[in-house]
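This one's a predicted model, so the numbers in the text were calculated from it and none came from an experiment. Whatever order the structure lists them in is the order used to number ligands and atoms, beginning at 1. Excluded from the calculations below are hydrogen atoms, water molecules and symmetry mates; all remaining heavy atoms, backbone and side chain alike, are included.
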Amino acid sequence: MGGEQPDGRRFLLCLVVSLLLQGRANAFTMNCSGFERHGVDPAIFQAVFDRKAFRPVTNQSYPTHVNISFTLSAILQVDPQLQLMTSFLWIDLTWNNPFISWDPEECIGIKELSVSAEQMWLPDIFILESMNVSLTPSGFTTFVTSEGQIKYSMPMRVTSICNLDIFYFPFDQQNCTLTFCSFLYTVDSMLLGMDKEVWEITNLSRKVIWTRGEWELLSINKATPKLFVGKNLYDQIMFYVAIRRRPTLYVINLLVPSGLLVAIDAFSFYLPAESQNRAPFKITLLLGYNVFLLMMNDLLPATGTPLISVYFALCLSLMVVSLLETVFITYLLHLATTQPPPMPWWLHSLMLRYTRKSCPATAPQDNNKSLGHSTTHLPGLKEPVELVAKGPGLVVAEVHGCPKQPRCRQEHETPQQQQLVELWVQFSHLMDTLLFRLYLLFMACSIITIIILWST
Ligand SMILES: *[C@@H]1O[C@H](CO)[C@@H](O)[C@H](O)[C@H]1NC(C)=O
Ligand SMILES: *[C@@H]1O[C@H](CO)[C@@H](O)[C@H](O)[C@H]1NC(C)=O
Ligand SMILES: *[C@@H]1O[C@H](CO)[C@@H](O)[C@H](O)[C@H]1NC(C)=O
Ligand SMILES: *[C@@H]1O[C@H](CO)[C@@H](O)[C@H](O)[C@H]1NC(C)=O
């Protein structure tokens, strides 16, 4: 008798609950008697399975609410040439089927059942940007709750078209859109919603992404504009997936070697200009740089003109310019030592002013000779204009502390010649230093510009 009492109570409770449920919901509450002995009876789901060809609503003018969420589990590839991003998504869809409902207490506590997805109506949600429909797998199962809520999850490899801008490569960020939309149903029949916040999706995706590959997930944002196609209005949810490239590989393989080569090129200015080694050294560097560019070409994006190409072009031109400079200086030196041409007066005075500290090194002088006289005997100066014009320069030189220097020239032809040679050599060295500083200035300016461009 003691065991009879609870059974009776339970029966009463079940009756009340099922009556309540019937009152609450609809006429589709399932009778799951016999589940404890024979498992789920397919017969009670038969009515649902038979309806799978139709949208599960009691009144066709009610829209179906579908909740969408997804987890980005991998970013497999980003192809700037085809403008495609390949990613792997776990898509979760949730909707209600009013024809499914049972009382979990009556059905030995079953709250959720898995049902083959082939037996159920599925919403035709797809991704607008997706470029390969064939990879959507089939043969998954849905989860059905006792309240008729259906959960459907599927993994999906999505190759989506995306506007990729590689100007800032390898420090680029991309913003790819994934638009979830019904292929067929307009807003009258299907409404899309979300049961998770986007930040939850972002956090979960960040946790799940296993690959420490090239791309890092920054953020996911969403927008829900409606889509007009002709007269039809479709509901859609757009997710903006922001990803950033991890630049380490490119910095180590591209930027650092090329920067080092340019630095060596800059330092090679310290090789003495007379030593004949500078030009071959620079040519070797240039060759090495070309080989480097050829080898590293695979790492660069195949399309567009990223800033890094400009950087490489800049490095190459810096090297070429420095080689040209070396050729020029070598030519000057050669000219100075073999047959020094007459020096224009302004240059002469400039040189004298500049090199007045080196006057002790000059040949013995004669103090009694006049300035005007001395100039007439300068070797190599054939034009009278230049001869006359030399006067002020020499005066300036005298005023500035090298009074005895010019006069040595009239003593013999050879010391004068020697001094001209010396001046030309000094001029070459001055030019070398000046051009080197210009080169450094230009290099610094352009590198700073590129760094500023990259960091914005
Ligand atoms: C459930 O079905 C069984 C027979 O299959 C029947 O005996 C029982 O009364 C039904 N229960 C309800 C609540 O309809
Ligand atoms: C279906 O819904 C529409 C609009 O809500 C209503 O006008 C119509 O009467 C409903 N039909 C039935 C059979 O309940
Ligand atoms: C991505 O692009 C969309 C629309 O163009 C914009 O609303 C969103 O803020 C962008 N996201 C990021 C992280 O830049
Ligand atoms: C969809 O999400 C909204 C908001 O979280 C929730 O109120 C609603 O019940 C969900 N619908 C389904 C079918 O899960």
Side-chain angles (χ1 to χ4, degrees), residues 24-28 48 51 54-72 75 78 83 85 87 91-101 111-113 115 117 120-125 127-129 142-154 160-168 171-182 185-206 209 215-227 235-246 455-456:
R24 170 198 68 114
N26 43 50
F28 303 103
V48 176
R51 288 176 205 260
F54 308 100
R55 193 161 62 87
V57 277
T58 46
N59 180 338
Q60 282 300 313
S61 52
Y62 297 160
T64 303
H65 289 263
V66 180
N67 278 350
I68 294 175
S69 98
F70 70 92
T71 307
L72 187 69
I75 298 159
V78 176
Q83 300 270 299
M85 174 180 84
S87 52
I91 297 175
D92 295 301
L93 302 176
T94 317
W95 67 96
N96 278 320
N97 186 332
F99 302 115
I100 300 176
S101 137
K111 286 192 181 129
E112 207 173 54
L113 274 178
V115 179
M120 308 291 283
W121 176 87
L122 301 174
D124 59 340
I125 302 293
I127 296 175
L128 271 185
E129 287 84 8
T142 57
F143 270 93
V144 180
T145 67
S146 57
E147 277 113 37
Q149 194 186 55
I150 299 178
K151 281 187 222 156
Y152 180 50
S153 304
M154 56 177 167
S160 57
I161 195 142
C162 178
N163 191 6
L164 299 168
D165 178 12
I166 41 105
F167 181 69
Y168 292 109
F171 302 103
D172 50 339
Q173 286 184 16
Q174 307 294 349
N175 188 354
C176 289
T177 314
L178 297 173
T179 307
F180 289 78
C181 176
S182 168
Y185 295 109
T186 58
V187 277
D188 301 328
S189 322
M190 192 175 285
L191 292 174
L192 305 181
M194 284 180 65
D195 44 12
K196 271 192 208 162
E197 297 294 325
V198 266
W199 61 262
E200 286 178 90
I201 295 180
T202 314
N203 285 356
L204 192 63
S205 300
R206 279 221 194 95
I209 289 183
W215 294 90
E216 174 191 5
L217 178 68
L218 280 185
S219 67
I220 300 177
N221 291 312
K222 73 153 190 182
T224 51
K226 300 264 190 286
L227 173 69
D235 205 2
Q236 60 175 8
I237 300 184
M238 301 174 100
F239 293 97
Y240 301 115
V241 180
I243 52 176
R244 179 170 60 198
R245 197 191 295 268
R246 291 196 176 94
S455 61
T456 48

J.: Do you know the tightest heavy-atom contact between Val187 and Asp235?
T.: CG1-N, 3.7 Å

J.: In ligand 4, which numbered atoms sit nearer than 4.0 Å to a non-hydrogen atom of Asp195?
T.: 2 (O), 5 (O)

J.: Distance only, no hydrogens: is a donor on one side chain within 3.5 Å (strictly under) of an acceptor on the other, for Thr94 and Gln149?
T.: no

J.: Is the closest basic N to carboxylate O distance between Asp92 and Lys151 below 4.0 Å?
T.: no

J.: Tell me: protein heavy atom nearest atom 13 (C) of ligand 4, and distance?
T.: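 Its nearest protein heavy-atom neighbour is Asn96 ND2, 3.6 Å.
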
J.: Any protein heavy atom sitting closer than 4.0 Å to atom 7 (O) of ligand 2?
T.: no

J.: What is the closest protein heavy atom to atom 9 (O) of ligand 3, and at what distance does it sit?
T.: Asn221 ND2, 4.5 Å

J.: Identify the protein heavy atom lying closest to atom 3 (C) of ligand 2, giving its residue, its atom name and the separation to 0.1 Å.
T.: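 Answer, as residue, atom name and distance: Ser61 OG, 3.3 Å.
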
J.: Are His65 and Asn96 close enough, and set up right, to give a side-chain contact (heavy atoms from CB on, under 4.5 Å), and what steps lead you there?
T.: CA-CA 7 Å; His65 289 263; Asn96 278 320; over 6 Å; no

J.: Are Asn175 and Gln173 linked by a side-chain donor-acceptor pair shorter than 3.5 Å?
T.: no

J.: Does any non-hydrogen side-chain atom of Ile127 lie less than 4.5 Å from one of Phe180?
T.: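 Yes; the side chains approach each other to less than 4.5 Å.
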
J.: Considering Val57, Asn59, Thr58, which one's heavy-atom position lies nearest to atom 12 (C) of ligand 2?
T.: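 Looking at heavy atoms only, the winner is Asn59.
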
J.: At what distance is the nearest protein heavy atom to atom 4 (C) of ligand 4, and which residue and atom is it?
T.: Met194 O, 3.7 Å

J.: Set out, in order, the CA-CA distance, both residues' side-chain angles and the distance that settles side-chain contact (heavy atoms from CB on, under 4.5 Å) for Arg55 and Gln60, then state yes or no.
T.: CA-CA 8 Å; Arg55 193 161 62 87; Gln60 282 300 313; 3.7 Å; yes

J.: Tell me whether Lys196 reaches ligand 4 (any heavy atom closer than 4.0 angstrom to a ligand atom).
T.: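 So Lys196 does not count as touching ligand 4.
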
J.: State plainly whether the residues Glu216 and Arg206 are in salt-bridge range, i.e. N to O under 4.0 Å.
T.: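 Judged by the 4.0 Å cut-off on N to carboxylate O distance, Glu216 and Arg206 do not form a salt bridge.
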
J.: With respect to Asn175, determine whether any N or O atom, backbone or side chain, lies less than 3.5 Å from an N or O atom of ligand 3.
T.: yes

J.: Among all protein heavy atoms, pick out the one at the shortest distance from atom 2 (O) of ligand 4; state its residue, atom name and that distance to 0.1 Å.
T.: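 Here the nearest protein heavy atom works out to Asn67 ND2, 2.3 Å.
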
J.: Can you sort out which atoms of ligand 3 are near Ala242, meaning under 4.0 Å from one of its heavy atoms?
T.: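 By the 4.0 Å cutoff, the relevant atoms are 13 (C).
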
J.: Look at atom 14 (O) of ligand 4 and say which protein heavy atom is nearest, naming residue and atom and giving the distance to 0.1 Å.
T.: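 Among all protein heavy atoms, the one nearest atom 14 (O) of ligand 4 is Gln149 NE2, 2.8 Å.
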
